[in-house]
Undergrad: 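Quick one: the structure is below, questions incoming.
Numbering of residues begins at 1 and proceeds along the displayed sequence. Whatever order the structure lists them in is the order used to number ligands and atoms, beginning at 1.
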Amino acid sequence: MKTHSPRKRFGQNFLHDAGIIKRIINSLKPKDSDHYIEIGPGHGAITQPLASQVKQLDVIEIDHDLATELQAQAWFGDIRLHRADALKFDFNSIAQPPEMLRLVGNLPYNISTPLLFHILSQHHLFTDMHVMLQKEVVQRMTATPGNKIYGRLTVALAARCKVESLFIIKPGAFNPAPKIDSAFARLTPLEQPLIKPSEQNKFDTLLRHAFSQRRKQLGNALQELLCIEQIKAAGINPQHRAETLSVYEFIELTHQLEDSSIS
Ligand code: SAM
């Protein structure tokens with residue numbers, strides 16, 4: 001008998017729809033040789049079917065009661081449990097190069113954006129990442145320039161991953177049911193990221209400035225980083241707004257940034 005009451009502070013909405021769980025596992029196409037890491041196993045809705053199909057599985061759970069409950073399950077076997085905050089987790093600590101990791105998570109919605117940025121900062125460790133998120137966040141992740149939901153997250157992802165929205169999940173698939181629809185997405189790191197490792201910091205700083213006041217023209221939004229001539233030298237009109245620029249244009253702007261101008 002499960003006695004655990006879902007905790008809002010940990011974004012706990014547990015999957016109970018067997019059809020959706022099957023669809024998630026089918027999308028992963030797990031192989032016996034895979035090394036998976038799952039963020040937020042909860043009661044094990046995804047963990048249990050996945051564990052029976054892969055050689056190595058690590059899970060990160062912040063809720064100690066859930067972690068204790070999981071470890072008591074007979075099926076839990078040799079899954080490695082990390083009682084930790086996924087936002088601070090160093091994925092390097094479980095990677096065994098040259099082996100790559102695969103990631104899956106029905107992510108806690110209250111921290112989904114910072115968690116995505118954290119995962120993204122170690123994207124080179126992963127073959128792919130499958131994540132369940134609010135539908136609205138997945139729409140932002142896959143938005144195109146000129147759209148008002150196109151933003152820092154969209155561009156930061158596009159420079160490093162191919163992003164696919166796989167399917168929508170209605171609130172009734174969860175307990176408790178959230179108020180919003182969810183979506184399951186696949187992120188596949190690009191073999192050649194558009195941004196070089198040495199320019200990552202500059203790129204991320206540029207995006208933070210460009211989208212911090214999205215209604216501002218680029219000339220104003222970027223004034224602490226670039227002068228008008230540098231923006232023009234990147235082939236970009238300084239009167240345009242950040243939301244109209246493609247990822248390639250942000251990369252051109254990054255090339256104009258001096259090392260000394262980043263915080
Ligand atoms: N995977 C389960 C499922 O699909 O039913 C649970 C998903 S629930 C949306 C999110 C899970 O992430 C919960 O188990 C929650 O305790 C855990 N969690 C929340 N914040 C976390 C964090 N910062 N680090 C690790 N786990 C976290």
Side-chain angles (χ1 to χ4, degrees), residues 1-28 30 36-54 57-73 75-76 79-94 101-122 125-126 128-138 166-187:
M1 260 291 272
K2 285 171 188 155
T3 51
H4 180 89
S5 305
R7 293 180 170 135
K8 217 172 172 174
R9 71 177 183 283
F10 292 146
Q12 292 176 347
N13 299 94
F14 300 107
L15 264 174
H16 65 79
D17 184 319
I20 296 292
I21 294 168
K22 195 164 175 212
R23 223 169 148 191
I24 289 174
I25 300 293
N26 287 346
S27 309
L28 303 181
Y36 259 95
I37 171 103
E38 184 189 2
I39 296 181
H43 294 297
I46 300 171
T47 327
Q48 186 174 7
L50 186 59
S52 63
Q53 299 196 36
V54 301
L57 179 56
D58 285 72
V59 298
I60 312 171
E61 179 54 68
I62 201 168
D63 184 323
H64 285 275
D65 294 337
L66 283 179
T68 302
E69 177 202 297
L70 278 173
Q71 274 184 314
Q73 306 289 327
W75 58 262
F76 201 73
I79 296 172
R80 288 181 291 254
L81 173 70
H82 306 268
R83 293 173 185 251
D85 181 350
L87 279 171
K88 298 184 187 140
F89 194 80
D90 178 7
F91 297 103
N92 257 308
S93 68
I94 58 160
L101 300 170
R102 299 187 73 190
L103 181 142
V104 64
N106 172 9
L107 300 186
Y109 292 168
N110 51 342
I111 54 165
S112 55
T113 305
L115 198 46
L116 277 171
F117 276 107
H118 179 58
I119 295 168
L120 213 50
S121 71
Q122 296 192 302
L125 297 174
F126 300 103
D128 57 17
M129 300 89 115
H130 285 84
V131 285
M132 172 99 75
L133 294 157
Q134 302 96 308
K135 183 174 83 175
E136 174 265 328
V137 174
V138 174
L166 300 181
F167 53 90
I168 305 297
I169 303 102
K170 292 289 178 189
F174 303 91
N175 180 29
K179 291 195 175 64
I180 41 153
D181 285 351
S182 305
F184 194 59
R186 177 185 296 138
L187 278 57

Undergrad: Identify, for atom 26 (N) of ligand 1, the protein heavy atom at the shortest distance, and state residue, atom and that distance.
TA: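 Checked against all protein heavy atoms, atom 26 (N) of ligand 1 sits closest to Ile62 N, 3.4 Å.
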Undergrad: Measure up the His118 and Phe91 rings against each other and bin them: parallel (under 30°), tilted (30 to 60°), perpendicular (over 60°).
TA: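 Judged by the thresholds at 30° and 60°, the geometry between His118 and Phe91 is tilted.
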Undergrad: Yes or no: does Gln12 have any heavy atom under 4.0 Å from an atom of ligand 1?
TA: yes
Undergrad: Can you name the atoms of ligand 1, numbered from 1 with element, that are less than 4.0 Å from a heavy atom of Asn13?
TA: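 Answer for ligand 1: 7 (C), 8 (S), 9 (C).
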Undergrad: Going by the closest heavy atom to atom 2 (C) of ligand 1, which one wins out of Ala86, Ala45, Gly11, Pro41?
TA: Pro41
Undergrad: At the 4.0 Å heavy-atom cut-off, does Gly105 count as touching ligand 1?
TA: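 False for this residue.
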Undergrad: Under a heavy-atom criterion of less than 4.0 Å, does Ile39 contact ligand 1?
TA: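 Per 4.0 Å heavy-atom rule, Ile39 does not contact ligand 1.
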Undergrad: Identify the protein heavy atom lying closest to atom 6 (C) of ligand 1, giving its residue, its atom name and the separation to 0.1 Å.
TA: Gly40 O, 3.4 Å
Undergrad: Counting heavy atoms only, which of His64, Arg83, Glu61 comes nearest to atom 14 (O) of ligand 1?
TA: Glu61
Undergrad: Starting from atom 23 (N) of ligand 1, what is the nearest protein heavy atom, named by residue and atom, and what distance separates them?
TA: Asp85 OD1, 2.8 Å
Undergrad: Suppose we measure from atom 5 (O) of ligand 1 to each protein heavy atom; which comes out shortest, and what is that distance?
TA: Leu15 N, 2.8 Å
Undergrad: Under a heavy-atom criterion of less than 4.0 Å, does Glu38 contact ligand 1?
TA: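 Heavy atoms of Glu38 do come under 4.0 Å of ligand 1.
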Undergrad: For atom 10 (C) of ligand 1, grab the closest protein heavy atom and report residue, atom and distance to one decimal in Å.
TA: Asn106 O, 3.5 Å
